[in-house]
There are 2 protein chains.
Amino acid sequence: MAEQRTFASLDEIRALLRELPGPDLETGAAAAERQARLTKPAGSLGRLEDLAQWLATWQGRHPPQIERPYAAVFAGNHGVAARGVSAYPAAVTKQMVQNFIAGGAAVNQLCGLADADLRVYEMALEEPTRDFTEAPAMDEEACVRALAYGMMAVEQGIDVLALGEMGIGNTTSAAAICCALYGGPAADWVGRGTGVDDEGLVRKTAVVEQAVAMHRETLGEAMSDPFEVLRCLGGLEIAAIAGAVMAARLARTPVVLDGYTCTAAAAVLHAADPRALDHCLVAHRSAEPGHRHLLEKLQQEPLLDLGMRLGEASGAMLAVLLLKAACACHSGMATFDEAGVSGPG
Amino acid sequence: MAEQRTFASLDEIRALLRELPGPDLETGAAAAERQARLTKPAGSLGRLEDLAQWLATWQGRHPPQIERPYAAVFAGNHGVAARGVSAYPAAVTKQMVQNFIAGGAAVNQLCGLADADLRVYEMALEEPTRDFTEAPAMDEEACVRALAYGMMAVEQGIDVLALGEMGIGNTTSAAAICCALYGGPAADWVGRGTGVDDEGLVRKTAVVEQAVAMHRETLGEAMSDPFEVLRCLGGLEIAAIAGAVMAARLARTPVVLDGYTCTAAAAVLHAADPRALDHCLVAHRSAEPGHRHLLEKLQQEPLLDLGMRLGEASGAMLAVLLLKAACACHSGMATFDEAGVSGPG
């Protein structure tokens, strides 16, 4: 784990967000220049070329490399799970954490394939956040602590950070965050998550609608602040992901976001500062329908669209394979000159 | 290389196509049954679940495995290249073969990443096919020989075969094949390939239009036979790919098709028998616009859509990474029972 930062308030987090470093345009330009000389028609590797340049830009080095990919999966429990918004009981969060530790989950297999380190962060599973239909999910102290905990997960020297989550009830939290940040009917943001039936879907939609309305009424103007949205409607693992995204920027570590819940966590930062996610890409378009709307708001075009909706950084690790492919081509291919291949014309 | 088959005529190839084995429904069902017990909500790995089942079905074994992926890249030269249909001179085909052998091309890096064997098959580069605006590209003997050559490339024991090609001018050939198989204006099937300018695109479109019209007039009814289309408008590497697809089916080796030219080669078989490509998937949607139309005709939904248009099995090798991911999850994940994770409800 990295050094622990301490923050006294959300204001200190807001201040840190304003200080995040920008892109390294020099290393990005060096990558673009090399791409133009590699033995392929210009642009013919499509997004793999963009990825190599993006990695160079946000790693601040050329050539970019992914020798040490890293997956961080945060697990938290949600008071709102008691409202019957998930197809699974809340006990599954803990059981799945044990499955991650034992190596039996999807993300374990995918990390093995990508030769990535996997760390699972269990966040007080016996103490779920409060049911946000009744009260803010977290008080300020808990929210700040969760953000700081996520920051701690970003070690130095990670080449790319794949973020993921586990938490029964957390697509309800994601939907509520999106609904509060972007408006629109709750139904636009709510999906079946792990697979609730029609009745459960109606219940989940009503929960999101009521919760957002309730907090808007209670907080008034303050709900226009994205960190207040996070505090009222988020969860511990969601706050931790937002923290990890910030810490990765400070450490010059590009980030791969997983599915709906993970992207919703990052959206809190984007709503506070649209530049906050420039070092992030979204791995895949989740089958969860709210993700499509969210990606439009973030103007993010995901790399993959495989109908996945598992979470736990599973989609993010697939995207890491594509990033490795982009790096391998960028660094390993011969130039036209080296290979004695004729250019166009 | 596998044992060499000899064929006296295209009729013998047509006969072989009728004898291709069907799916192994038993191993496919075993895969579906296991998927339902793995520690994830049903269907939440999306297409990765379908891929595991598809691999089991066409490998004829459960669990499916990809320990030995294999890329076969066929290179050929095209008489029609003299018509100014490519941004690159025909000499580049040979130069790129040398680049493959030296390890400097994109596909070399991607095979390294996927731990795949790469074989490059150079097909008489000094003797291009005839310019198909003037005469059939191949006589029957040459076409049959190229098909048989492609069959030879399929060794026993390959877990998945990624097919690719290299050949200056071959997107013109691919467009002509598609136009002859499916009709419609030539402009629907022609794109910029390696990057021809506007003038080159007009020239390329006219070449395809004229060639298809000319062969239709000369051959009459016979042009409704897909193998005649291949002979008149194809190329050596394109015929070889069609042969390799057939041989892979006989060897119970699932196939990953690359981009436009590779898919057009396989489309010849599909036009002759719609079941012929059931053991194939298309890796990615090429940026070449004709590929989109072709995928609709084949009712294939590619795995990736990354704006690539390089050929040489580069997209296919990315898809192999996803197949490896599907196998890793399928074989390595714990079941609900094994992990002590509660099911829904």
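To find a chain, count down the sequence lines: A is the first, B the second, and so on, and within it residues start at 1.
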**OP:** Determine which residues belonging to residues 83-90 of chain A lie within contact range of chain B, meaning some heavy atom pair is under 4.5 Å apart, and list them by number or answer 'none'.
**Re:** A:Ala87, A:Tyr88, A:Pro89
Original post:
Hey, is CZ on B:Arg47 packed in by over 12 heavy atoms from elsewhere, all under 6.0 Å?
Top reply: yes
Original post:
Does a side-chain N-to-carboxylate-O contact under 4.0 Å join A:Arg309 and A:Asp258?
Top reply: no
**OP:** Name the member of A:Ala102, A:Gly46, A:Gly315 that forms the most heavy-atom pairs with chain B at distances under 4.5 Å.
**Re:** A:Gly46
Original post:
Considering heavy atoms only, which positions within residues 163-171 of chain B lie below 4.5 Å of chain A?
Top reply: none
**OP:** Look only at the side chain of A:Ser314 and the backbone of A:Leu310, and say whether a donor-acceptor pair between them is shorter than 3.5 Å.
**Re:** no
Original post:
Under a 4.5 Å heavy-atom cutoff, which of A:Gly311, A:Ser342, A:Gly307, A:Gly195 has the most pairs with chain B?
Top reply: A:Ser342
Original post:
Contact part of A:Val341 toward chain B, heavy-atom cut-off under 4.5 Å: side chain, backbone, both or neither?
Top reply: both
Original post:
With only heavy atoms counted, which part of A:Leu51 is less than 4.5 Å from chain B, the side chain, the backbone, both or neither?
Top reply: neither
Subject >> Contact origin within A:Ala114 toward chain B - heavy atom pairs under 4.5 Å >> reply: neither
Original post:
So with a 6.0 Å cut-off around CZ of B:Arg34, is the heavy-atom count from everything else above 12?
Top reply: yes
Original post:
Checking heavy atoms, do the side chain of A:Leu304, its backbone, both or neither come under 4.5 Å from chain B?
Top reply: side chain
Original post:
Under the 3.5 angstrom rule, does the side chain of A:Glu49 hit a backbone N or O of A:Leu45 as a donor-acceptor pair?
Top reply: yes
Original post:
Which residues from residues 322-331 of chain A are near chain B, with near meaning under 4.5 Å between non-hydrogen atoms?
Top reply: A:Leu322, A:Lys324, A:Ala325, A:Ala328, A:Cys329
Original post:
With a 4.5 angstrom heavy-atom cut-off, which part of B:Ala287 approaches chain A: side chain, backbone, both or neither?
Top reply: neither
**OP:** Would you confirm whether B:Glu312, through its side chain, and B:Val107, through its main-chain N or O, come within 3.5 Å as a donor-acceptor pair?
**Re:** yes
**OP:** Return yes if some donor-acceptor pair links the side-chain N/O of B:Asn99 with the main-chain N/O of A:Ala339 below 3.5 Å, else return no.
**Re:** no
**OP:** Could you tell me whether the side chain of B:Glu288 and the main chain of B:Gly193 form a donor-acceptor pair under 3.5 Å?
**Re:** yes
**OP:** Would you mind listing every ring pair (Phe, Tyr, Trp, His ring centres under 6.0 Å) that reaches into residues 90-118 of chain A, with sequence neighbours excluded?
**Re:** none
Original post:
Between A:Glu122 and A:Lys94, is there a side-chain N and carboxylate O pair less than 4.0 Å apart?
Top reply: yes
Subject >> Closest non-hydrogen atom pair, A:Leu306 against B:Leu303 >> reply: CD2-O, 3.6 Å
Subject >> Side chain B:Thr39, main chain B:Ala334, donor-acceptor under 3.5 Å >> reply: yes
Original post:
Between A:Arg292 and A:Glu296, does at least one N-O distance fall below 4.0 Å, as a salt bridge requires?
Top reply: no
**OP:** For residues B:Pro254 and B:Trp54, report the shortest heavy-atom separation together with the two atoms involved.
**Re:** CB-CH2, 3.6 Å
**OP:** Let me know if B:Leu113 has heavy atoms under 4.5 Å from chain A in its side chain, its backbone, both or neither.
**Re:** side chain
